[in-house]
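Protein chains get the first letters and strands the later ones, always in sequence-line order, with residue 1 at the start of each.
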Amino acid sequence: MSEISAHITGTMFEVNVAVGDAVAIGDEVVVLESMKMELPVESEVAGTVTEVLCAPGDPVEAGQVLVRLA
Amino acid sequence: MSATDQAPVAGEVTTALEDLRARRAAALLGGGPERIERIHASGRLTARERIERLIDPGTWSELGMLAEPEIRRPDLPTTGDAIVTGLAKVDGRMVAILAIDATVMAGTTAPVNMRKQNRVAEWAGRRGFPLICLSDNDGGRVPDLLGWRFSGVPFDFTSFLQSPDGCPAIPRVTAALGPSYGDAALHAAMGDFVVMHEDAAIALSGPPVIRAAIGEDIDGAELGGPKVAAETNGAAHAVVETEDEAFARIRRFLSYLPSSAAEPAPVVDPVAPSRSTDTLDQVIPKSRRRGYDMHKLIEIVVDGGSYFPWGEQYGKSLLCGLARIEGHAVGVIASQPMHLAGALDVPALRKEAQFVELCDRFNLPLVFLQDVPGLMIGTHAERAGILQAYDNVVSRLARTKVPKIAVIVRKAFGGGHIALGGRPVKPDLLVAWPSAEMGFMEPATGVRTVHRRRLEALLESGGQEAHDERILELEAEWGAESQPWEAAANIILDDIIEPTDTRLLIATTIDFAWGTRERVSPTGA
């Protein structure tokens with residue numbers, strides 16, 4: 001199992017995956033907003049989404065787990 | 001210079017030659033099997049094992065093997081006075097090495113030990129080849145440095161921390177492989193490249209001294225571990241999980257540099273970029289608000305696999321790294337829109353100043369890739385000293401003698417634009433992609449500043465909707481002014497280029513910017 005975490009503190013802007021989705025390396029899983037910028041978070045692993053732990057508008061801390069993959 | 005297997009033990013010595021062999025055999029054992037075992041148990045290697053793994057086989061020439069401390073300890077191994085120093089080759093190139101021997105008196109420093117350090121450092125500086133420090137110690141030794149003795153330490157800072165007067169600068173590389181306090185921390189402070197093991201710490205004073213002096217209770221990791229040294233104060237430029245990886249990074253770092261500032265940087269065979277220009281469209285997003293990872297653009301521009309990050313975890317909104325373009329070593333300085341939108345804060349500017357110094361000294365052309373919304377502003381940035389950090393970078397950049405090529409990829413605003421190779425710092429070439437936006441301030445900030453009173457009045461008289469509509473109009477006006485065409489028309493920009501031509505243009509310009517002069521900047525030579 002692997003986790004995708006926020007690399008920066010900000011707000012969740014877009015969530016592009018749902019539980020059950022297949023994810024490839026480099027896919028934009030979510031987009032954060034910080035410093036007036038939309039910052040895509042790419043998956044560094046391939047897998048299937050088992051949990052989505054955030055929704056658009058949520059405040060997000062750097063290091064916070066956003067999505068879990070199996 | 002190794003001792004023979006048949007070296008006699010002390011007491012059985014019958015000739016001077018046998019005496020020499022016995023002494024050498026003892027020196028090679030360092031602090032003895034028990035202490036070596038303790039070092040191994042803590043996951044570390046001994047000084048001699050480290051040297052062996054770093055250098056080309058069979059190239060070691062030791063200096064000062066028979067050193068002993070001024071204050072002898074009859075009951076303790078004191079061989080070499082806790083440091084191994086000598087000359088060797090790394091990838092065929094001459095280097096000087098000093099490796100702290102933590103098996104002898106915990107690797108602590110004392111006068112003879114310092115003389116040994118100074119001796120190899122001065123040799124490297126006078127004869128023009130890199131100095132490598134393998135650090136792992138607990139600081140100064142007591143009572144060897146007590147009282148009046150400390151003021152008499154034999155370090156000579158005109159030849160230890162820098163090349164002697166009239167001699168060219170040399171690359172200085174430090175690996176912090178264990179606790180590195182006191183003068184081992186000084187090795188890090190003078191390093192052009194500092195790599196640290198993840199369990200190491202770099203700090204002026206170690207935890208016991210801090211507890212005694214100011215009552216602060218803190219452990220080594222919190223004090224100077226990778227979180228601090230690589231991310232907070234930038235003392236380390238890379239963090240590795242194994243000592244072998246540290247040695248690999250040292251070899252790799254040196255491969256980009258000349259042996260001294262008096263020589264051109266080495267040239268190797270060109271390699272095609274690892275990422276094709278066909279992917280440019282996917283790298284730079286259409287929306288100006290969208291971040292992207294600048295590493296991808298660097299991969300399109302530089303020789304495949306040649307990018308070597310330098311200080312990646314410190315000042316993350318700016319990427320600095322060594323790389324090659326058509327086989328020629330360069331320093332890449334590039335905005336990272338994924339952090340702080342690429343705005344330059346104090347750590348980013350401090351990192352840039354050090355990196356510019358490194359490249360200008362060792363004859364590496366500077367390549368800037370700009371996507372910068374500006375300098376970081378606000379309370380935190382002002383208190384951290386953003387003005388001094390900015391002044392430091394731009395005044396230094398303006399005086400660099402190596403070729404400077406700046407490419408505006410997207411945003412180029414305010415002081416950030418200038419700190420990344422804008423016209424006032426005299427780049428040899430300043431070009432932009434058609435996607436560039438240039439200006440004094442970002443449009444969103446600019447219209448709200450310049451039209452503040454009018455917008456407030458409009459909000460009162462016409463309501464929110466009219467206010468927001470006017471802002472959009474004003475932003476569009478500023479946006480039109482920010483396009484690169486007028487900058488090119490007024491030859492502020494040398495050209496606006498097809499993004500796919502970027503690599504070739506940089507390679508060609510490096511040649512023309514060196515021109516017919518020798519490829520050596522007078523800065524360090």
What residue pairs, at least two apart or across chains, pass salt bridge (Lys or Arg N to Asp or Glu O under 4.0 Å) with a residue in residues 45-56 of chain A? A/Glu51-A/Arg68
Which atom names give the shortest non-hydrogen contact between A/Pro40 and B/Gly291, and what distance separates them? CD-O, 3.2 Å
Should the heavy atoms of other residues, nucleotides or ligands under 6.0 Å from CD1 of B/Ile377 be counted, would the total exceed 12? no
Side chain, backbone, both or neither: which part of B/Pro285 has a non-hydrogen atom closer than 4.5 Å to chain A? neither
Cross-interface N/O pairs, chain A with chain B, donor-acceptor, under 3.5 angstrom:
residue, atom, partner, partner atom, Å
A/Glu28, OE1, B/Arg290, NH2, 3.1
A/Glu33, OE2, B/Arg289, NH2, 2.4
A/Lys36, O, B/Arg289, NH1, 3.2
A/Glu38, N, B/Arg289, O, 2.6
A/Glu38, O, B/Gly291, N, 2.4
A/Glu38, OE1, B/Arg290, NH1, 3.3
A/Glu38, OE2, B/Arg289, NE, 3.4
A/Glu42, OE1, B/Lys296, NZ, 3.3
A/Glu42, OE2, B/Lys296, NZ, 2.6

